[in-house]
**Student:** 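Got a structure for you, questions after.
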Amino acid sequence: MAHQSDLIASDILAYLKSHEEKSLLRFITCGSVDDGKSTLIGRMLYESKMIFEDQLSALETDSKKSGTQGQNIDFALLVDGLASEREQGITIDVAYRFFSTDKRKFIVADTPGHEQYTRNMATGASTADLAIILVDARKGVITQTRRHSLIVSLLGIRNVVLAINKMDLVRYSQKKFNTIEADYREFAEGLGEGHGVKFDITAIPVSALKGDNIVTSSQNMTWFEGPSLLEFLEEAPAGENLEKAAFRMPVQWVNRPNADFRGFSGQVASGRIKEGDSIRVQPSGSKTKVNRVVTLDGELKKAVAGQSVTLVLDDEIDISRGDVISEAKRPAEVADQFETTLIWMAESPMLPGRPYLLKTGPKTVRATITAPKYQINVNSFEHVAATKLELNEIGVCNIATDQQIAFDPYTDNRETGAFILIDRLTNATVGAGTIHFALRRSANIHWQALDVNRNLRANLKLQKPAVLWFTGLSGSGKSTIANILEKKLAAMGRHTYLLDGDNVRHGLNKDLGFTDADRVENIRRVAEVAKLMSDAGLITLVSFISPFRSERRMARSMMEEGEFVEIHVDTPLEVAESRDVKGLYAKARAGDIKNFTGIDSPYEPPNNPEFAINTVELTAEQAADNLFNYLLERGIIDT
Amino acid sequence: MLTHLQKLEAESIHIMREVAAEAENPVMLYSIGKDSAVMLHIAMKAFFPATPPFPLLHVDTTWKFREMIEFRDATVSTLGLELIVHINQEGVEQGIGPFSHGSAVHTDVMKTTALKQALEKHGFDVAFGGARRDEEKSRAKERIFSFRSEDHRWDPKNQRPELWKIYNTRMSHGESIRVFPLSNWTELDIWQYIWLEKIPIVPLYFADERPVVERDGTLIMVDDDRMPIRPEEKVEYRKVRFRTLGCYPLTGAVESSADTLTAIIQEMLLTKTSERQGRVIDHDQAASMEKKKQEGYF
Ligand SMILES: Nc1nc2c(ncn2[C@@H]2O[C@H](COP(=O)(O)OP(=O)(O)O)[C@@H](O)[C@H]2O)c(=O)[nH]1
């Protein structure tokens, strides 16, 4: 690895000393196919002498074999990645590259440019301090340039280099350069008005292939007075502002090796902290002072943004993983409802109302996305009405969490204003978002702690509330069995209510159809009603097809522990269809009813229902009896 | 402003703490080499004054250099850590070794399979590894939290998006995660950090007179009498060192006079072959590592 620094040979100690002082800059490169992104990165690696001799000879051989440059070196080959991608000749996933100059170490997030890889670009941008937006001098600002810029702006990168490439192909024309730069600046003005940040733009004319303005100023473009690309990257700011921002440290780990030590470990997200500083723990709001800043290398006088430390506080206050330690005078906000920008990253679409897990820093909470206000067309920036988001789509949505979290608007703090969404069933990361602001109602609407509460109501009825949730195919026998059971309960003097799918769809849910999104909303409403009823002390029987596991899981999560009983009326499709009491299967088969569960809409059977009923072997009476006995045995209903 | 090494260290600490907080049964794979030395050093920092809340796991192929094993045991006892050593006993019973079965079979049985066995035996759900993205092309795209299916395979086409420093550690039944806290370090960063932090490393990295034979253009150290010496071969003492450490029959030595850390770094910076060339295992084909990983080699 020939760092040509003569110091290596002459004075290795001095070299190491100088290398030790280097700072770190992370940047992302964005460009569409063939703009020269790989060539540019390969060129930077090559010029910074980060290529080993054996790699170089491999590169020379490869260039002749499969390169696009005849006998010359094809720098793009240096950065190709996975075998399958190599075969297809495109970059699919984010790749991270490393090089350093005498002043700085660089980490490059090399990201694909196609629209179908928006999520990969967002991934690369999330950790970058700076973005290089590459345009082909012959083409100028194109749709892809706009899309890349939008994502960069939404992910909060302010520092942007507009690298106008292939200047050799436009005879190093100053006029061409000026026109493209002006075009770009004009369009970028509009970006700051959305939910992203305003850019600080530096335009540089380059030829990645020939090396113009990459390391040193090009002799072919003496008209250009700005820095070369590497000169600029060496000096560009790398997150210095973070140190001046308000102090934040999300707690990752409570360090308690013995009874005498209790520290809170985390990485300082922003600001600085020292012994004696007043802090506030959020969301709880408790206040205290910092006693010591502990590391293995001794106590620190102060810690700044980026450092991983352990804080010991003055008072024994209750703090756990996920809490945020903030500067007392400039605390974070605390809320449970937010407006956000959301980038959808999963094959299955985002459905409003469906519960997801939201992770921000080390904190994981349950969240529902209430409604997309609009989707942002990534190419035209237009706001489009939307009811859901598909893979790679970006929208503005409100999100409600099941508990309060501490946060800052993303444009103020990229660490405490960012979150990911996780699907609770597949565990996949399905979305990434940035918080704009808290919705005011979350500060104003508090639950009224009422004097007459659920216990009192239930006690008056001499019973325990429960939600008996019957799920199964249409015609499986849910309503019949629920009916018989309700009669038995009533005979015992129990106060019950039966919520039946068909009936509720005539009233409360009259406005809903049978699309996936409507089915989710259907269940959400019914679950809310069931919750109110159990609050009122009733035993509620819910008889709904409720085909999706995640909605049933949501319903379960809304009820008090132990109150939710999932009953799977497990009738095979053939049997239900042959019964066809309401003639619906026949219509569905004939195509007269769309989205019919079991026919052209899926039914996801419960994995672990509390009770399963086999209606093939049992009559409805027998099934209801068995269920009744089960409820008594388990103490869900007391005698 | 933090320096690049301070930033890298802080990032690695952050990653380790996330694992400690979220994994049910984490383990640190300790391979005794310089990257493991750095990883372990950072783990000591991450949890101070507590000790790391996970054991170390060494998959012993029974063909490691003797000095590695001595160093391993000394390190663990000085730091007061728990070490699990796993050997594939079936492999031992079948007499698998690099001389008798060749490097591919030996590595597959005594390393790849052994690792799977160890992870399954102890039910580890998350394992730290010291791999870096600059080591090899396919690594450049690997996530810091890298998922493995039930049969320990890596699916490069189906990686979770990894944004900011928010790691999704949720797993489905049977899945496990490899976590690479040194992902963003380069070889030079590792050496620089070892020098700066005075981290002890196995003496084999330093040049010394050692018994070697030259075989197929590679210098192999005669570390014990299991090594068959061919009639045309001669064991000679030469001043050599190792740029990477593994099984002694599979690890080429380089002639060198670098016997101090700064001399090693100087040599590393001035020589012109990349690190993995010393590993016999990588010589096959360009995409070899990617393939191995899909099959479950770390
Ligand atoms: N003339 C000229 N060609 C270039 C330049 N940069 C890249 N190219 C060529 O443009 C083509 C696409 O480049 P590549 O780096 O693979 O583009 P990517 O798809 O953005 O990674 C290749 O044939 C390059 O050699 C440049 O500055 N000048």
Side-chain angles (χ1 to χ4, degrees), chain A residues 1-3 8-9 12-13 16 19-24 52-55 80-84 93-98 105 107 119-120 122-123 126-127 240 252-253 255-257 261 265 267 294-296 304 306-308 310 321 345 359-362 414-415 418-420 422 427-429 432, chain B residues 1-11 13-14 17-18 20-21 44-51 133-134 137-138 140-141 156-157 159-166 168 170-172 183-184 186-189 192 195-196 262-263 265-266 268-274 277 286-287 290-291:
Chain A
M1 185 158 52
H3 288 262
I8 294 173
I12 182 72
L13 275 175
L16 286 175
H19 188 80
E20 186 189 320
E21 304 298 326
K22 283 183 191 180
S23 61
L24 174 67
F52 291 102
E53 196 88 323
D54 59 332
Q55 288 173 333
D80 66 356
L82 307 175
S84 54
D93 213 328
V94 196
Y96 295 90
R97 323 271 177 208
F98 307 86
K105 164 167 171 159
I107 302 180
R119 63 170 170 178
N120 306 70
T123 301
S126 70
T127 49
E240 287 85 346
Q252 286 185 276
W253 167 264
N255 193 331
R256 208 181 291 158
F261 187 91
S265 302
Q267 186 172 16
V294 175
T295 73
L296 177 67
V304 299
Q307 277 179 295
S308 284
T310 297
R321 170 172 163 85
M345 302 188 149
K359 189 168 189 196
T360 169
R414 289 172 73 188
E415 301 239 350
F419 62 88
I420 60 169
I422 301 168
N427 292 323
T429 303
Chain B
M1 267 313 277
L2 303 182
T3 67
H4 72 296
L5 286 176
Q6 287 170 328
K7 279 195 186 174
L8 290 172
E9 180 194 77
E11 177 186 65
I13 290 176
H14 175 263
R17 288 171 174 170
E18 283 302 289
M44 297 304 292
K45 291 193 178 199
F47 303 99
F48 176 85
T51 45
R133 283 173 173 154
D134 80 326
K137 274 181 185 170
S138 79
K141 302 197 174 188
K157 291 225 186 69
Q159 302 197 79
R160 276 186 190 171
E162 195 167 83
L163 292 100
W164 299 287
K165 50 179 85 147
I166 310 176
N168 172 4
R170 294 174 67 87
M171 284 167 263
S172 302
S183 286
N184 288 325
T186 61
E187 187 184 9
L188 177 58
D189 296 332
Q192 175 100 36
W195 176 70
L196 204 65
T262 46
I265 300 175
Q266 188 172 35
M268 194 265 308
L269 289 169
L270 294 175
T271 48
K272 301 178 187 269
T273 36
S274 64
Q277 271 219 327
E290 186 184 339
K291 243 189 225 142

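Naming convention: chains lettered A, B, ... in sequence-line order (proteins, then strands); numbering from 1 in each chain.
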**Student:** For B/Ser183, is it the side chain, the backbone, both or neither that has a heavy atom under 4.5 Å from a heavy atom of chain A?
**Tutor:**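 For B/Ser183, the backbone is the part near chain A, not the side chain.
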**Student:** Where on A/Thr123 is there a heavy atom nearer than 4.5 Å to chain B: the side chain, the backbone, both, or neither?
**Tutor:**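 Answer is both: backbone and side chain atoms of A/Thr123 are under 4.5 Å from chain B.
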**Student:** So, do A/Lys105 and B/Asp189 sit near enough that their side-chain heavy atoms are less than 4.5 Å apart?
**Tutor:**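 Yes; the side chains approach each other to less than 4.5 Å.
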**Student:** For residues B/Arg133 and A/Phe98, report the shortest heavy-atom separation together with the two atoms involved.
**Tutor:**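 Looking at all heavy atoms of both residues, the closest pair is CB-CE1, 3.5 Å.
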**Student:** Hey, could you give me the CD/CD distance between A/Glu20 and B/Gln6, rounded to the nearest 0.5 Å?
**Tutor:**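 Reported to 0.5 Å precision, the distance equals 8.5 Å.
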**Student:** Could you report the tightest heavy-atom contact between B/Arg170 and A/Asn427, atom names first, then the distance?
**Tutor:**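 Reported closest heavy-atom pair: NE-OD1, 3.2 Å.
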**Student:** Do you know which of B/Thr262, B/Asn184, B/Leu5, B/Leu196 has the most heavy-atom pairs with chain A at a distance under 4.5 angstrom?
**Tutor:**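 Sorted descending by pairs with chain A, the first entry is B/Asn184.
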**Student:** Yes or no on side chain to side chain contact (heavy atoms under 4.5 Å, CB included) for A/Gln307 and B/Leu2, after CA distance, side-chain angles and deciding distance?
**Tutor:** CA-CA 8 Å; A/Gln307 277 179 295; B/Leu2 303 182; 3.8 Å; yes
**Student:** Side chain, backbone, both or neither: which part of A/Ala418 has an atom under 4.5 Å from a heavy atom of chain B?
**Tutor:**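 Both the backbone and the side chain of A/Ala418 come within 4.5 Å of chain B.
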**Student:** Are B/Glu18 and A/Gln252 close enough that a side-chain donor and a side-chain acceptor fall under 3.5 Å?
**Tutor:**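 Yes, a side-chain donor-acceptor pair sits under 3.5 Å.
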**Student:** Please flag which part of B/Met171 lies under 4.5 Å from any non-hydrogen atom of chain A: side chain, backbone, both or neither.
**Tutor:**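 Contact with chain A is through the backbone of B/Met171 alone.
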**Student:** Measure the spacing between OG1 of A/Thr429 and CD of B/Gln159 and express it to the nearest 0.5 Å.
**Tutor:**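 It comes to 12.0 Å.
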**Student:** I want to check something: taking the side chain as every heavy atom from C-beta on, are B/Glu162 and A/Val94 in contact at a cut-off of under 4.5 Å?
**Tutor:**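 In short, these two side chains do not touch, never coming nearer than 4.5 Å.
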**Student:** Could you have a look at A/Ile420, A/Ile422, A/Ile107, A/Leu16 and say which one has the most heavy-atom pairs with chain B under 4.5 angstrom?
**Tutor:**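 Of the options given, most contacts go to A/Leu16.
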**Student:** Would you mind checking which part of A/Tyr96 comes under 4.5 Å of any heavy atom in chain B, side chain (CB onward), backbone (N, CA, C, O), both or neither?
**Tutor:**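 Its backbone and side chain both get close to chain B.
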**Student:** Compare all side-chain heavy atoms of A/Gln267 with those of B/Lys165 and state whether any distance is below 4.5 angstrom.
**Tutor:**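 A side-chain contact exists here, since the closest heavy-atom pair is under 4.5 Å.
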**Student:** Quick check for you: to the nearest 0.5 Å, what is the distance between A/Glu415 atom CD and B/Ile166 atom CD1?
**Tutor:**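 A/Glu415 CD to B/Ile166 CD1: 8.5 Å, rounded to 0.5 Å.
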**Student:** Give me the atom names and distance for the closest heavy-atom approach of B/His14 to A/Ser308.
**Tutor:**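 B/His14 and A/Ser308 have their closest heavy atoms at N-OG, 3.9 Å.
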**Student:** Can you name the side-chain contact (heavy atoms from CB on, under 4.5 Å) partners of B/Phe48, sequence neighbours left out?
**Tutor:**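 Here the qualifying residues are A/Val294, A/Leu296.
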**Student:** Can you see which heavy atom on A/Pro257 is nearest to which on B/Pro49, and at what distance?
**Tutor:**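 In this case the closest contact between A/Pro257 and B/Pro49 is CG-CG, 4.0 Å.
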**Student:** Which residue out of A/Thr360, A/Thr127, A/Asn255 racks up the most heavy-atom pairs below 4.5 Å with chain B?
**Tutor:**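 Option with the greatest count: A/Asn255.
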**Student:** Compare every heavy atom of B/Leu163 with every heavy atom of A/Ala432, then report the nearest pair and how far apart it is.
**Tutor:**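 Residues A/Ala432 and B/Leu163, closest heavy atoms: CB-CD2, 3.7 Å.
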**Student:** Please rank B/Ile265, B/Thr3, B/Ile13 by heavy-atom pairs under 4.5 Å with chain A and give me the top one.
**Tutor:**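 Greatest number of close heavy-atom pairs with chain A: B/Thr3.
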**Student:** For B/His4, give me all partners under ring pair (Phe, Tyr, Trp, His ring centres under 6.0 Å), at least two apart in sequence or on another chain.
**Tutor:**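 Once residues adjacent in sequence are excluded, the partners of B/His4 under the ring pair (Phe, Tyr, Trp, His ring centres under 6.0 Å) criterion are A/His19.
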